[in-house]
Amino acid sequence: MSHRASGKTIGLVPTMGYFHEGHLSLMRAARSENDIAVVSLFVNPIQFRPGEDLDRYPRDLNRDVELALDLEVDILFVPEGTEIYPKEFCTRISVQGLSDRLCGESRPGHFQGVATVVAKLFHIVQPHRAYFGLKDFQQTVVIRRMAQDLNFDVKIITLPTVREKDGLAMSSRNSCLSADERSAARCLKESLDIAVLQIREGERSADSIRTIIRERIAREKLARIDYVSVSSPKSLQEVSVVEGEALVALAVFVGRTRLIDNVLVRT
Ligand code: PAF
């Protein structure tokens with residue numbers, strides 16, 4: 001009999017591995033809120049575009065197994081590529097609109113890949129709760145919409161971004177940074193901090209906020225802006241005035257590594 005059928009609650013943490021404290025915070029929540037804690041580890045090829053960092057994406061399965069064991073995860077699901085995508089596989093789930101903005105604009109097809117694999121994981125694991133980090137804010141919006149639109153019986157739970165001491169959002173990709181790049185990468189959080197301060201002091205022009213962020217990033221020689229966005233956290237559409245809730249988000253290449261970060265502000 002399956003765990004679900006026997007009345008046990010299942011919590012799923014979907015990941016691409018190379019665990020850091022952000023992943024571990026999701027696992028701790030899944031562990032404490034469910035009878036069975038499942039972590040999936042699959043570097044999903046269809047969410048990477050040709051020329052992106054699929055081959056360079058950091059991997060260390062032995063270390064990840066140790067960390068999952070330490071946290072008393074019940075099942076670490078590490079499928080083979082062909083298990084998820086057999087040769088004939090040709091289906092994609094498209095969450096329209098929400099997938100095309102912010103990261104979706106510079107990574108067309110990325111969120112189709114994410115939505116497709118997460119839907120498959122929901123079918124395979126049948127979780128009652130699924131856990132995602134807010135560093136990938138847009139991903140959480142897309143997945144919540146997909147789960148609702150496709151009637152998945154799962155509660156999407158989001159947890160705050162976990163940061164390094166100097167503010168850099170934890171990401172598996174941080175391990176790809178050289179020492180100089182690591183130091184330059186502080187500009188993401190610093191620029192968001194400046195934006196938050198300006199909004200607190202009364203700035204309401206979204207364009208001024210975008211400019212303030214761009215100016216801070218431009219001071220870093222190793223950094224190149226992909227996008228700077230001030231949007232509605234529900235529709236992810238760009239706004240011109242910051243009022244009520246707004247999502248300030250950015251993606252920046254530091255060297256060859258693309259990093260993202262965001263902050264939710266309320267006026
Ligand atoms: O956030 C991630 O690590 C991935 O996008 C996810 C949700 C595991 C899907 O591959």
Side-chain angles (χ1 to χ4, degrees), residues 1-48 57 59 61 64-86 89 91-95 98-99 110-162 170-172 233-234:
M1 190 195 275
S2 77
H3 289 306
R4 204 179 234 265
S6 67
K8 290 196 166 137
T9 56
I10 302 168
L12 169 66
V13 182
T15 81
M16 299 205 299
Y18 211 75
F19 298 153
H20 51 70
E21 197 47 50
H23 294 117
L24 303 187
S25 73
L26 301 175
M27 292 182 208
R28 281 188 202 102
R31 172 66 290 155
S32 72
E33 294 170 7
N34 302 278
D35 298 318
I36 309 288
V38 182
V39 174
S40 64
L41 192 170
F42 180 65
V43 183
N44 176 32
I46 70 164
Q47 70 186 71
F48 291 80
Y57 198 85
R59 293 163 167 89
L61 183 57
D64 286 348
V65 169
E66 288 303 319
L67 288 167
L69 279 172
D70 284 352
L71 289 190
E72 298 179 8
V73 164
D74 296 294
I75 298 170
L76 181 61
F77 175 48
V78 190
E80 289 295 329
T82 49
E83 206 174 334
I84 299 293
Y85 303 121
F89 190 90
T91 299
R92 290 289 184 280
I93 293 178
S94 168
V95 180
L98 293 174
S99 295
H110 168 69
F111 288 110
Q112 273 194 12
V114 171
T116 304
V117 81
V118 170
K120 289 202 61 140
L121 291 168
F122 285 176
H123 279 306
I124 295 166
V125 178
Q126 303 269 303
H128 296 81
R129 300 184 184 88
Y131 297 80
F132 298 90
L134 283 170
K135 178 176 73 67
D136 297 284
F137 190 96
Q138 183 174 13
Q139 171 168 279
T140 67
V141 175
V142 168
I143 289 171
R144 218 183 267 289
R145 185 77 258 153
M146 184 270 293
Q148 200 169 327
D149 287 356
L150 298 184
N151 304 90
F152 279 103
D153 185 14
V154 59
K155 186 164 182 215
I156 307 299
I157 295 175
T158 57
L159 291 185
T161 302
V162 179
M170 290 207 183
S171 162
S172 305
K234 291 204 171 72

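Every value quoted in this text rests on a predicted model; they were computed, and no experiment measured them. Heavy-atom basis, side chains included; hydrogens, waters and symmetry copies ignored.
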Is it true that a side-chain atom of Ser94 and a backbone atom of Gln112 form a donor plus acceptor pair closer than 3.5 Å? no
Minimum-distance pair of heavy atoms, taken over all atoms of Val73 and Leu76: CG1-N, 4.3 Å
Applying side chain to side chain contact (heavy atoms under 4.5 Å, CB included), run through Phe111 and Leu98 and close with a yes or a no. CA-CA 9 Å; Phe111 288 110; Leu98 293 174; over 6 Å; no
Output side-chain donor-acceptor pairs under 3.5 Å for residues 119-129, partner residues at least two apart or in another chain, one line each.
{"unit_1": "Lys120", "atom_1": "NZ", "unit_2": "Ile84", "atom_2": "O", "d": "2.7"}
{"unit_1": "Gln126", "atom_1": "NE2", "unit_2": "His123", "atom_2": "O", "d": "3.0"}
{"unit_1": "His128", "atom_1": "ND1", "unit_2": "Ile10", "atom_2": "N", "d": "2.9"}
{"unit_1": "Arg129", "atom_1": "NH1", "unit_2": "Glu33", "atom_2": "O", "d": "2.8"}
{"unit_1": "Arg129", "atom_1": "NH1", "unit_2": "Asn34", "atom_2": "OD1", "d": "2.6"}

Do Thr116 and Phe89 have side-chain heavy atoms sitting under 4.5 Å apart? yes
Okay, side chain of Thr158, backbone of Gly133: is any donor-acceptor separation there less than 3.5 Å? no
Any chance you could measure Leu24, atom CG, to Glu21, atom CD, to the nearest 0.5 Å? 5.0 Å
Please report the interatomic distance CG(Leu159) to OH(Tyr131), rounded to the nearest 0.5 Å. 8.0 Å
Go through the steps to decide whether Val78 and Leu61 satisfy the test side chain to side chain contact (heavy atoms under 4.5 Å, CB included), and finish with yes or no. CA-CA 9 Å; Val78 190; Leu61 183 57; 4.2 Å; yes
Output, in order, the C-alpha distance, side-chain angles, deciding distance and verdict of side chain to side chain contact (heavy atoms under 4.5 Å, CB included) for Ile93 and Met146. CA-CA 8 Å; Ile93 293 178; Met146 184 270 293; 3.9 Å; yes
Say you draw a straight line from CD of Gln138 to OG of Ser99; how long is it, rounded to the nearest 0.5 Å? 7.0 Å
Is the CG atom of Asp153 crowded by more than 12 outside heavy atoms at less than 6.0 Å? no
What pair of heavy atoms forms the shortest contact from Leu134 to Thr161, and how long is it? C-OG1, 3.6 Å
Closest heavy-atom pair and its distance - Val141, Lys234: CG1-O, 3.8 Å
Consider only side-chain N and O atoms of Asn44 and Tyr85, and report whether a donor and an acceptor are under 3.5 Å apart. yes
Closest approach of Leu41 to Gly17 (non-hydrogen atoms, all atoms of both residues): CG-CA, 3.6 Å
Is there a donor-acceptor pair under 3.5 Å between the side chain of Asp74 and the backbone N or O of Val38? no
Rounded to the nearest 0.5 Å, what separates atom CZ in Arg144 from atom CD in Gln139? 12.0 Å
Spacing of OG belonging to Ser25 relative to CG belonging to Leu71, to within rounding of 0.5 Å: 10.0 Å
So, do Ile46 and Val117 sit near enough that their side-chain heavy atoms are less than 4.5 Å apart? no
Mind checking the CD1-CG spacing from Ile156 to Leu12? Nearest 0.5 Å is all I need. 9.0 Å
Going through the checks in order, is the side chain to side chain contact (heavy atoms under 4.5 Å, CB included) test met by Phe19 and Met27? CA-CA 10 Å; Phe19 298 153; Met27 292 182 208; 3.5 Å; yes
Over all atoms of both residues, closest heavy-atom pair of Phe77 and Pro79: O-CD, 3.3 Å
Just by modelled atom types, is the Tyr18 backbone N or O under 3.5 Å from a matching donor or acceptor in the Ser172 side chain? yes
Looking only at non-hydrogen atoms, find the nearest pair between Gly7 and Asp35 and report the distance. O-OD2, 4.2 Å
